[in-house]
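Below, each value reflects all heavy atoms present in this structure, side chains not excepted, and no hydrogens, waters or symmetry copies.
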Amino acid sequence: MNPLPNYRPKQLSLGPLEAEILNIVWELEIATVKDVHDRILSDPDRELAYASVTTVLRRLTDKGWLVCNKSERTFTWQPLVSGEEARSLFAYDRLQKFLAVGNPDIVAAFADSLDQATVEQLQEISLRIQAVRQAREEQK
């Protein structure tokens, strides 16, 4: 089980275009505006202005998802967290929001609606949590 990353973006929320562009940067690892723009336009049914890609890359930088580097006259963007780390952060955020409900009746209604496969997943999660806690105790 991977722990949550030490670094967290300033803002987790992403719009659909931000998420799409972030996925492209994750795939490319280092990307220019042209790289991202070309990737989006490789779909013949898509249209998107070059300037819009630049704006979204800057927005992702402001939110703390990407870092921008300038080498001579070329700007490149790199992710500050991996896709796997992002999925962990999103899941953790959703779990915290769910637990913040704090109303046992709502949680019970949710639990009552789970199917058998979900119950088995929760049991597996519980076993993993116990193993991680036991490993921490043994390290002390």
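Residues Y7 and V81 are in side-chain contact: their nearest non-hydrogen atoms beyond the backbone lie under 4.5 Å apart. Put simply, the side chain of Q78 reaches to within 4.5 Å of the side chain of N69, judged on heavy atoms.
Using modelled atom types and a 3.5 Å distance limit, the side chains of S82 and W26 yield no donor-acceptor pair. Between the side chains of T74 and E72, no donor-acceptor pair of N or O atoms lies under 3.5 Å. Looking at Q130 and Q134, their side chains never bring a donor and an acceptor atom within 3.5 Å of each other.
With S52 contributing its side chain and L48 its backbone, the two residues share no donor-acceptor pair below 3.5 Å. Looking only at distances, a side-chain donor or acceptor of N23 sits under 3.5 Å from a matching main-chain atom of A19. Although no hydrogens or angles enter the test, the distance criterion places no donor-acceptor pair under 3.5 Å between the side chain of E27 and the main chain of I24. The backbone N or O of S13 sits less than 3.5 Å from a side-chain atom of K63, completing a donor-acceptor pair. No donor-acceptor distance shorter than 3.5 angstrom exists from the side chain of Y92 to the backbone of R87, with no hydrogens or angles considered.
A distance of 5.5 Å separates CH2 of W65 from CG of L14, quoted to the nearest 0.5 Å. A distance of 9.5 Å separates CD1 in I21 from NE2 in H37, rounded to the nearest 0.5 Å. Atom CD1 of residue I40 and atom OH of residue Y50 lie 12.0 Å apart, to the nearest 0.5 angstrom. The line from CG of D62 to CD of Q11 is 9.5 Å long, rounded to the nearest 0.5 Å. One distance of note links NZ of K10 with CG of L80; it measures 9.5 Å at 0.5 Å rounding. Note that CD of E120 is 12.0 Å distant from CD1 of I125, once rounded to the nearest 0.5 Å.
Taking each heavy atom of E29 and P79 in turn, the nearest pair found is O-CD, 3.3 Å. Between L89 and R8, the shortest heavy-atom contact is CD2-CG, 3.7 Å.
Contact check on D35 versus R39 returns no salt bridge, with no Lys/Arg side-chain nitrogen under 4.0 Å from an Asp/Glu carboxylate oxygen. For E124 and R128, the salt-bridge test passes: some basic side-chain N is under 4.0 Å from an acidic carboxylate O.
The number of heavy atoms from other shown groups lying within 6.0 Å of CD (E47) does not exceed 12. Within a 6.0 Å sphere centred on CZ of R46, heavy atoms belonging to other residues, nucleotides or ligands number more than 12. Counting heavy-atom neighbours within 6.0 Å of N6 CG, excluding the residue itself, gives a total of 12 or less.
Both F90 and L22 are assigned to one and the same hydrophobic cluster, defined by single-linkage of ILVMFWY side chains at heavy-atom distances under 4.5 Å.
V53 pairs in a side-chain contact (heavy atoms from CB on, under 4.5 Å) with only one of the listed residues (V56, T55, L57), which is L57. Here the options are V33, V67, V36, L60, the test is side-chain contact (heavy atoms from CB on, under 4.5 Å), and the partner is W77; only V33 passes.
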